[in-house]
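Here's the structure, in structure tokens; my notes come after.
Keep in mind that what you see is a predicted model, and the values were worked out from it rather than measured. FYI, the numbering just counts along the sequence from 1.
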Amino acid sequence: MKFRYFPRSEEANGWAAILPERLPSAPLQGVVQGDWVVVGAGYAGLAFAHALAEHQPQAHIVLLEAGVVGDNAAGRNSGFAIDLPHNIGSGTAELAKASHYRQLLKGGLAQLAHWVSRYRIDCDWQQSGKYHCAVKAGSAGLLKQYARELDLLDEGYEYLEGAALSARLGTGFYHSAIYTPNTVLLNPAALVRGLADKLPGNVTLYERSPALRVDNTGGVRITTPHGEVVAGKAMFAINGGAGQLTPFAGKLASLATHATLTEPLTPEQRARLGDIAPWGLTPVNAIVGATFRYTRDHRILIRQHVAHAPTLHSDVGAREAIVRRHRQLFLSRFPALQDLPFAHSWSGLISVSRNGAPLWGQFGADLYAALGCNGAGISKQTMAGKALADLVCGVESPWGEQMRALGTANYLPPRPLLDLGVQGYLWKERLLGAGEY
């Protein structure tokens, strides 16, 4: 099995760019033997490696990262470690699945909190909560439906609108919001760097070592540009990229999202914004709307624009137009900050399945995977990796049952039908979400 496409990002990741310089681990050279090889040093891969190493301290675990930890997809998201789904279906079956999803998110958040505290990872971890926002009055009904479903799950929240909401956010742009208090906001690049730099001693990390070929005929042999890993078993945690391998083909689509981070506000600019605490908000329509954050170091993050990325990279030619769009979105919310410059703009990848379910568990005699973040990667994928380590080690835990309850990703049509289907879906969402920019 060969890989044809690899994540490629020409632009610097803003979250990593504002951190102190870090020396990556050396690329893989020559032939390395291991009991396990883990492909992908994102949340699932790192969580699996940490948990597996603790369960099996005698095992040698090889962890491969195609690029540099913190500059991968895991380090390029918006930095929301959520404890609740953004939206919940109202049917009985959907609510039941939401309950499993919620348990996994809460478990992943607790696991991350444990590691952040244990290893003293400086990732700007802060339990600031999350505002789920509607721009126009006509979308407030979606929020009220969400509130009713939170009531059924016995979750606490606040419904805010008008002056009460603008006082929290420093902008009167939004009509209303549901605030839930337990989401953690953080620097995602700093978090994955910290988890990678604190791996147990029986885990060896090789960065800039993309897997080129996988042979699983009796054990596993993975070829990289300058070496090979020979191991008894393999775990894949590379989300959309894994769709190039036969066991996962036709199950996941890759989407590119785009973000911009401003320079820090000056004290005078902060006075214009008002005396507000750091916050994060998500839109009622994730495809059309914009995610925003006001960080503890007084920067503003904008994430908006979703595009199909079947070859695992975004359209370079569209980047300037996207940045201009981010400027328009920013000024519509913060017109008094027109003199605040942008510092970094970048793209990142998420993987989605047709039915919102993951690819998780065993997929052959020696192959395992935790794939399909479906846009909620930090806490969910952390628990997906931890639960898989428990499973392969025969450790009793409730998390495997919760993961299985989410179902499994069903088939997507092949390209070019897939391209047409994704474009049609994005077009429909943009039509339905008109006015939520």
- request: Step through the shown structure and confirm whether more than 12 heavy atoms of other residues, nucleotides or ligands are within 6.0 Å of CZ on Arg325.
  value: yes
message: Is it the case that over 12 heavy atoms from other parts of the model lie below 6.0 angstrom from the CD atom of Glu401?
response: no
- request: Please check if the distance between the ring centroids of Tyr179 and Trp279 is under 6.0 Å.
  value: no
field: salt bridge (Lys or Arg N to Asp or Glu O under 4.0 Å) contacts touching residues 12-37 (sequence neighbours left out)
entry: Arg22-Asp197, Arg22-Glu207
Pairs under 3.5 angstrom only: tabulate donor-acceptor contacts from the side chains of residues 225-239 to other protein residues two or more places apart or in another chain.
residue	atom	partner	partner atom	Å
Glu228	OE1	Arg221	NH1	2.6
Asn239	OD1	Ser351	OG	3.1
Asn239	OD1	Gly372	N	2.8
Asn239	OD1	Cys373	N	3.2

- request: Go through the structure and list residues passing side chain to side chain donor-acceptor pair (under 3.5 Å) with Glu158, not counting sequence neighbours.
  value: Arg168
message: Between Asp366 and Gly218 (side chain of the first, backbone of the second, donor and acceptor by atom type, cut-off under 3.5 Å), is there such a pair?
response: no
message: Check Glu65 with Arg208, please: is the shortest side-chain N to carboxylate O separation under 4.0 Å?
response: no
task: Compute the ring centroids of His132 and Tyr146, then answer whether they are less than 6.0 Å apart.
output: yes
Asn410, CG atom: more than 12 neighbouring heavy atoms under 6.0 Å: yes
field: Near-ring test Tyr368/Trp360, centroid separation under 6.0 angstrom
entry: no
message: Please check: side-chain N/O of Thr262 versus main-chain N/O of Ile300, any donor-acceptor pairing under 3.5 Å?
response: yes
query: In terms of side-chain geometry, is the basic nitrogen of Arg327 or Glu320 positioned less than 4.0 Å from the acidic oxygen of its partner?
result: no
- prompt: Centres of the His50 and Tyr119 rings: under 6.0 Å?
  reply: yes
- prompt: Counting N and O atoms only, with roles assigned by atom type, does the side chain of Asn187 sit under 3.5 Å from a partner on the main chain of Trp15, one being a donor and the other an acceptor?
  reply: yes
query: Do other residues, nucleotides or ligands put more than 12 heavy atoms under 6.0 Å from Phe342 CZ?
result: yes
task: Report yes or no: does Asn182 contribute a side-chain atom to a donor-acceptor pair with the main-chain N or O of Asp83 at less than 3.5 Å?
output: no
message: Looking only at side-chain N and O atoms, does Glu11 offer a donor or acceptor that is under 3.5 Å from a partner on Ser347?
response: yes
